[in-house]
Number of protein chains: 2
Amino acid sequence: MNKKLNPASCAVDYAFQRIGGKYKGRIIWYLNDNNILRYGELRRIVQGITPKMLTQTLRELEEDGLVLRTVHHEVPPRVEYSLTETGKELLPFINHLRVWGEKQMKLEGDTCY
Amino acid sequence: MNKKLNPASCAVDYAFQRIGGKYKGRIIWYLNDNNILRYGELRRIVQGITPKMLTQTLRELEEDGLVLRTVHHEVPPRVEYSLTETGKELLPFINHLRVWGEKQMKLEGDTCY
DNA sequence: CTGTATCCTTATAGATACTG
DNA sequence: CAGTATCTATAAGGATACAG
């Protein structure tokens, strides 16, 4: 352990850790094109996600500098999420991956549930 | 459950499932540029991986059509792994992700261990 | 509305020994 | 050389109730 990986492999691992996980890709994708979404909107759009996972995922994305969290101190409270510039830099790749995924799914006859 | 996701989010999830996991990104990256690597070579290069995980990961990549496994029936046995055309289509994505990761690591002052 | 807290289940990965 | 098998540990995710 604690052996030095070569820089290339290390960065690949690093990036996957930052955008891996069950919901991060989807959330980044939903926030594309300067979408600004509220907590409740994300909760509906990211179907099946529990509040715990949504909060946890958003916090990680925020700590990693990919997502901006804006709190409006109103009653009832309003919290909006959007992509940072760093997060937006990932959009072309997410999109590339999405296109690849769609192609693969067609080849395999898979459907989305 | 069993609700239909919209196609875009579905494909993103699909793709992440296919290339997620702790070692898949690295292995795909190591097999770039038409590299052909033997089991033992991968075992050395993917530092810290156990034979169980290496085999498991390679099998999944093979089943997903990203990696080609070629068995040479010799003594001692020789098994070579390479990227399929489908797998090669992911290289730009992996590479961009790697560049992004390197940039982020520099910003944060992270190092590779 | 936007979360937390707690407990529980499942998925993923690691250690180690062994085989054709 | 290229794996398997078995067991264990840890991480990730899910269910549910509740709070500011």
Report summary line: Those residues at least two apart in sequence (or on a different chain) that pass side chain to side chain contact (heavy atoms under 4.5 Å, CB included) with A/K52 are A/T50, A/Q56
Polar atoms only, N or O, under 3.5 Å: list the protein pairs with nucleotides 2-7 of chain C and their distances.
{"residue": "C/dT2", "atom": "OP1", "partner": "A/R38", "partner atom": "NE", "Å": "3.0"}
{"residue": "C/dT2", "atom": "OP1", "partner": "A/R38", "partner atom": "NH2", "Å": "3.1"}
{"residue": "C/dT2", "atom": "OP1", "partner": "A/V79", "partner atom": "N", "Å": "3.4"}
{"residue": "C/dT2", "atom": "OP2", "partner": "A/G40", "partner atom": "N", "Å": "2.9"}
{"residue": "C/dG3", "atom": "OP1", "partner": "A/R59", "partner atom": "NH2", "Å": "3.4"}
{"residue": "C/dG3", "atom": "OP1", "partner": "A/R69", "partner atom": "NH2", "Å": "2.4"}
{"residue": "C/dG3", "atom": "OP2", "partner": "A/Y81", "partner atom": "OH", "Å": "2.7"}
{"residue": "C/dT4", "atom": "OP1", "partner": "A/R59", "partner atom": "NH2", "Å": "3.2"}

Query raised in the report: Nearest nucleotide by nearest heavy atom, which residue falls closer to the 5' end of DNA chain D, A/T50 or B/R44?
Result: B/R44
Report summary line: Each base of DNA chain C marked ( ) or [ ] if paired in-strand (Watson-Crick or G-U under 3.5 Å), | if paired to another strand and . if unpaired gives ||||||||||||||||||||
Report summary line: note: B/E62, atom CD; D/dA2, atom P; distance rounded to Å ~ 15 Å
Quick one: side chains of residues 61-68 of chain A, donor-acceptor pairs under 3.5 Å with protein atoms, not counting sequence neighbours, listed by atom name and distance.
{"residue": "A/D64", "atom": "OD1", "partner": "A/R18", "partner atom": "NE", "Å": "3.4"}

Report summary line: A/H73 meets the side chain to side chain contact (heavy atoms under 4.5 Å, CB included) criterion, sequence neighbours left out, with A/V71
Query raised in the report: If only atom types and distance count, is the side chain of B/D13 paired as donor or acceptor with the main-chain N or O of B/C10 below 3.5 Å?
Result: no
Query raised in the report: Tell me: CE of B/M53 to C1' of D/dA9, nearest whole Å?
Result: 14 Å
Query - Salt bridge B/K106-B/E102, side-chain N to carboxylate O under 4.0 Å - result: no
Query raised in the report: What residue pairs, at least two apart or across chains, pass ring pair (Phe, Tyr, Trp, His ring centres under 6.0 Å) with a residue in residues 79-112 of chain B?
Result: A/F93-B/H96
Requested in this report: Rounded off to whole Å, could you give me the CG-to-C1' distance for the B/L54 and C/dT16 pair?
Outcome: 17 Å
**Report entry** Hydrophobic cluster of B/M105, others only, ordered by chain and residue number, side-chain cut-off 4.5 Å
**Finding:** A/Y14
Query raised in the report: Could you give the CD1-to-P distance, from A/I49 to D/dG13, as a whole number of Å?
Result: 9 Å
Requested in this report: Go through the structure and list residues passing side chain to side chain contact (heavy atoms under 4.5 Å, CB included) with A/E85, not counting sequence neighbours.
Outcome: A/K88
Query - Strand-adjacent residues in residues 16-25 of chain B, judged by heavy atoms under 4.0 Å from DNA chain C - result: B/G21, B/K22, B/Y23
Requested in this report: Please state how far atom CD in B/Q56 lies from atom P in D/dT6, giving the value in whole angstrom units.
Outcome: 15 Å
Query - Residues that B/K22 engages under salt bridge (Lys or Arg N to Asp or Glu O under 4.0 Å), provided they are two or more places apart - result: none
Query raised in the report: Taking the hydrophobic residues Ile, Leu, Val, Met, Phe, Trp and Tyr, and joining any pair whose side-chain heavy atoms are under 4.5 Å apart, which ones share a cluster with B/L107?
Result: none
Query raised in the report: Taking only residues two or more places apart in sequence, or in another chain, which ones meet B/Y39 in a ring pair (Phe, Tyr, Trp, His ring centres under 6.0 Å)?
Result: none
